[in-house]
Peer 1: 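Quick one: structure below, then a few questions.
In listed order, ligands and their atoms are each counted from 1.
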Amino acid sequence: MTRLTTHDIDKLDSELTQYNLSLIEKTGVDLAALASFAAGITRESFKQAAQNHMAAAVPITSGQGIIGGFSESVQSIIQFLGFDCFVTRAADVAGIAEAIDRKASIIFVADDDRFIAYNVGKGSYVDNGEATGRGYVAALAHMAKGLKGQEVLVLGAGPVGQSAVAFLKELGAWVKLFDIQPEALKAYQTDAQVTIEHSLLEALSKYQFILDATPAGGFIGADDLPHEAMLAAPGIPLGLKQEALTKYERHLIHDPLQIGVATMLAMIL
Ligand code: 2YJ
């Protein structure tokens with residue numbers, strides 16, 4: 001799993017408005033609408049829920065430690081969606097205690113392996129991998145003006161890819177799934193809505209709609225994809241090579257944190 005760096009997120013806060021406008025341009029809807037759709041709630045009820053919640057982001061020092069600006073970026077995204085959110089002064093367990101003392105009802109915490117949003121009242125949590133998979137499918141579905149009956153290539157059968165496959169199936173898409181590790185595909189061998197792809201290059205050339213949930217960077221060239229390709233790419237670093245990025249930028253959804261965090265929030269309410 002890729003670990004974010006400060007560099008990935010250093011402009012996130014100041015560019016959220018612009019980011020949201022570019023999402024609208026590409027998908028027709030904004031971040032709140034995509035997250036609501038991914039969570040299966042209405043945009044109205046998402047907006048409404050902001051009145052009843054206080055969120056907190058707790059920095060976690062374990063493993064490789066705090067990523068400068070990570071908790072603050074989570075806070076910015078949540079505030080951008082109209083919710084109150086604070087970053088705790090204390091880290092780790094003391095930070096969780098502080099969040100609860102200060103009446104947080106939703107707590108965001110991440111270490112090197114997991115990133116979760118915990119609903120204090122309900123005692124339930126949402127994982128970033130699952131939320132990211134759903135959120136990017138929501139973005140791709142809007143870009144494609146619906147995915148029912150469409151073929152969608154999913155690259156990577158890790159937590160994000162698995163969640164994407166599940167949501168694509170809910171939406172009635174035909175999933176084409178590739179992973180460099182064949183063991184990761186075992187669970188899908190008898191799935192009538194999922195076809196396993198064995199050649200990456202062949203698969204890339206065949207499908208218009210692509211969800212890249214791999215942690216691999218720079219493996220998709222400009223000539224590898226159909227001209228009309230649309231991509232949702234949660235993976236970091238980006239799978240597209242520079243020349244492919246230039247060619248497909250207007251039909252590419254890719255961000256370090258925004259869609260995942262927004263969808264975690266919508267799902268945990
Ligand atoms: O609190 C902090 O600043 C750090 N402990 C944050 C660590 C963030 N974690 C990651 O970037 C990991 N890759 C986990 C993210 C899971 C994404 N599905």
Peer 1: Side chain or backbone of V109 under 4.0 Å from ligand 1, or both, or neither, by non-hydrogen atoms?
Peer 2: neither
Peer 1: For D127, which part has a heavy atom under 4.0 Å from ligand 1: side chain, backbone, both, or neither?
Peer 2: neither
Peer 1: Strictly below 4.0 Å, N to O, side chains only: are K247 and E243 in salt-bridge contact?
Peer 2: no
Peer 1: Between F115 and F70, is the ring centroid distance below 6.0 Å?
Peer 2: yes
Peer 1: Please say whether F70 places an N or O atom under 3.5 Å from an N or O atom belonging to ligand 1.
Peer 2: no
Peer 1: Considering distance alone, does some N or O of S71 sit under 3.5 Å from an N or O of ligand 1?
Peer 2: no
Peer 1: Mark up the atoms of ligand 1 that fall under 4.0 Å of a heavy atom belonging to P59, in ascending order.
Peer 2: 1 (O)
Peer 1: Would you check, one step at a time, whether the test salt bridge (Lys or Arg N to Asp or Glu O under 4.0 Å) holds for R43 with D30?
Peer 2: CA-CA 10 Å; R43 201 179 179 292; D30 66 4; 2.4 Å; yes
Peer 1: Which of the atoms in ligand 1, numbered in the order shown and given with their element, are less than 4.0 Å from a heavy-atom of R3?
Peer 2: 11 (O), 13 (N)
Peer 1: Before signing off on this row, confirm whether V58 and ligand 1 have an N or O atom pair separated by under 3.5 Å.
Peer 2: no
Peer 1: Looking at the rings of F37 and H142, which for Trp means the six-membered one, are their centres under 6.0 Å apart?
Peer 2: yes
Peer 1: Are G65 and ligand 1 in contact, using a heavy-atom cut-off of under 4.0 Å?
Peer 2: yes
Peer 1: Nearest heavy atom to atom 9 (N) of ligand 1 wins, so pick from T132, D112, L4, D111.
Peer 2: D111
Peer 1: Give every donor-acceptor pair under 3.5 Å between a side-chain atom in residues 72-86 and any protein atom, sequence neighbours left out.
Peer 2:
residue, atom, partner, partner atom, Å
S73, OG, G69, O, 2.7
Q75, NE2, C85, O, 3.0
S76, OG, D13, OD1, 3.0
S76, OG, E72, O, 2.9
Q79, NE2, C85, O, 3.0

Peer 1: Between D179 and Y188, do the side chains contain a donor N or O and an acceptor N or O under 3.5 Å apart?
Peer 2: no
Peer 1: Listing request: all salt bridge (charged side-chain N to carboxylate O under 4.0 Å, His left out) pairs with a residue in residues 165-177, at least two apart in sequence or in separate chains.
Peer 2: R134-E170, E151-K176, K169-D191
